[in-house]
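Before any comments, here is the structure.
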Number of protein chains: 2
Amino acid sequence: MGIADDAVEIRARGWRTLAALHGIIDAALEKDLSKEVGLSVVEYTLLDALNRQDGWHMRMAQLARATALSPSATTRLVTRLEDRNLLSRVLCADDRRGIYTELTPIGQDLYQRAKPIHDATLERVLAQAEEQPELAPLARILHQIPAS
Amino acid sequence: MGIADDAVEIRARGWRTLAALHGIIDAALEKDLSKEVGLSVVEYTLLDALNRQDGWHMRMAQLARATALSPSATTRLVTRLEDRNLLSRVLCADDRRGIYTELTPIGQDLYQRAKPIHDATLERVLAQAEEQPELAPLARILHQIPAS
DNA sequence: ATACAATGGTTGCATACGCAACTAATAAGC
DNA sequence: GCTTATTAGTTGCGTATGCAACCATTGTAT
C-alpha cells in the first residue's frame, strides 16, 4: 500500500470521525433542546442564524443555506415556526418575490432561553468527546478555529 | 465579554463549521453515490463497515452504531439492502436473538465499484473546502487524524 | 407593449427517520 | 423449575426531508 493509498484511507477515516462526532453532538442537542424548550436542532439553528442578523433581513434562500436544507424544507420549517408565533414572514417591498423573516418577541424570548441549554450541552458533549481517543483529535480542534 | 463567554462563542462557531462541512461532504457523496451506483450515504456506510469486518460478524446494534442510526432505521436499512441482494441476514447460532449480516458477492462487487467513487468525491470536496477560509482549518485536520 | 427567460418560494408525492409499543429469546431470582 | 427482568430486533405511526413540478414576480429582448 503506497502513500497515495494511505492518504485515501486517512481521508476516509477522517470523514468517519467527522460524521461520528457530528452525530453525537446533533443527537445530544436534539434531545436536550427538544426536552427543555421544544425545539429541534434545525429550528434552533434557524433562530440562531436570524438572531445573529439582528433577527431580521434574511431571505428564504439564506436561511436554507444557514440550515443546510433544501428550499422546500426551509419553507416548511419557517411555516412551523410561524405557526408557533416565533417568527413572521415579511414581504419584501422592492422585490415582491422575496420574503424576509422577523423574530417575534416570543421567538426572541425562546431563543434567549434556548441558547444556554444549547451552549451547555455543546460544552458537555465536547468534553466527553475529548475523552475518547477516536474523537479527541477532532473535538479539540473545535476550540481553535479562528473567527473569519 | 469575558474569556468564558468567548469560549462559548468559539465552541458554537466550531460546531457550526463542523455541521457545515458535514453537510457539504454528505450532500456531495449522496449525489455522486446515488448517481453512479444507486447507493445513499448510509447505505454505503453500512457496506463499508461490513467490508472492514471481512463482510461478516456484525450484529444489528453494531451496524446501528456504525451508521449513527436508530435500531428501527437499521432494521429497515438492512431490509432494503437485503431486498437488493446486497447482503443477507444470518441467524446467530449461539444466541438466537442475534442476527449477523453477510455481504453477498453482488454486495461485495457493488462496494468495490462504489469505493473509488466515494474516495474521489471525498478528495474533491475536501480540496474545495480547503479553499474556503471558514472551512479550511477544519478540512485540513481530516488529513491529520492518527489511526487509533 | 408583448413575449420569453430567469429568479424566489411553494406544493404533491414518495421515502427515510425516530419514538414507543411490541415479540422472541436469554438470563436471573427464588 | 417457574416467574420475572433484560436484551435483540421488528413494526405502527407521525413527522421531516428532497425532488420535481408549479405559480408569481422580475428582468430582457424584440
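Proteins come first, then strands; the chains are lettered A, B, ... in the order of their sequence lines, and each starts at number 1.
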Kindly say whether, by distance alone, the side chain of [X] makes a donor-acceptor pair under 3.5 Å with the base of [N]?
X       : N      : value
A:Thr75 : C:dG9  : no
B:Ser72 : C:dC19 : yes
A:Ser70 : D:dC19 : no

> Any salt bridge between B:Asp48 and A:Arg16, counting N to O under 4.0 Å?
Replying inline: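 A salt bridge links B:Asp48 with A:Arg16.
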
Whole angstrom value for the distance that separates [atom2] of [N] from [atom1] of [X]:
X       : N      : atom1 : atom2 : answer
A:Arg89 : C:dG8  : CZ    : P     : 16 Å
A:Glu30 : D:dT15 : CD    : C1'   : 12 Å
B:Arg97 : D:dA5  : CZ    : C1'   : 12 Å
B:Met60 : C:dA24 : CE    : C1'   : 15 Å
A:Leu39 : D:dA16 : CG    : P     : 12 Å
B:Asp26 : C:dA16 : CG    : C1'   : 13 Å
B:Asp94 : D:dA8  : CG    : P     : 12 Å
A:Glu82 : C:dG9  : CD    : C1'   : 13 Å

>> If you assign each of A:Asp95 and A:Ala68 to its closest nucleotide in DNA chain D, which residue comes earlier from the 5' end?
In response: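 By nearest-heavy-atom nucleotide position, the 5'-most residue is A:Ala68.
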
>> Judged by each residue's nearest nucleotide on DNA chain D, which is more toward the 5′ side, A:Ala73 or A:Arg96?
In response: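 Taking each residue's closest nucleotide, the earlier one in sequence belongs to A:Ala73.
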
> Where the side chain of B:Ile99 is defined as all heavy atoms beyond and including C-beta, which of C:dT26, D:dG9, C:dG18 is the nearest nucleotide?
Replying inline: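 My answer, after comparing the listed nucleotides, is D:dG9.
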
> Of all the nucleotides listed (D:dG9, C:dC17, D:dT26), which has the minimum atom distance to the side chain of B:Leu69?
Replying inline: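 When the side chain of B:Leu69 is considered, C:dC17 is the closest of D:dG9, C:dC17, D:dT26.
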
>> Please find the pair of heavy atoms, one from B:Arg59 and one from B:Gly98, that lie closest to each other, and give the distance.
In response: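 Nearest pair, atom of B:Arg59 first, then B:Gly98: NH2-CA, 3.2 Å.
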
> Closest approach of B:Ala114 and B:Leu33, non-hydrogen atoms and distance?
Replying inline: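 Minimum heavy-atom separation between B:Ala114 and B:Leu33: O-CD2, 3.9 Å.
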
>> Any side-chain to backbone donor/acceptor pair from A:Glu43 onto A:Ser40? Under 3.5 Å, distance only.
In response: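 Indeed, once roles are kept as given, a pair shorter than 3.5 Å links the two residues.
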
> Hey, what's the ring geometry for B:His57 with B:Tyr100, parallel, tilted or perpendicular (30° and 60° as the breaks)?
Replying inline: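 Answer is perpendicular, since the angle exceeds 60°.
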
> Quick one: is C:dC17 close enough that its OP1 or OP2 comes under 4.0 Å of any side-chain N or O from B:Arg76?
Replying inline: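 False: B:Arg76 side-chain N/O out of range (4.0 Å or more) of C:dC17 OP1/OP2.
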
>> Return whichever of B:Arg80 or A:Thr79 has its heavy-atom-nearest nucleotide of DNA chain C closer to the 5' end.
In response: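 Checking each residue's closest nucleotide, the 5'-ward one belongs to A:Thr79.
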
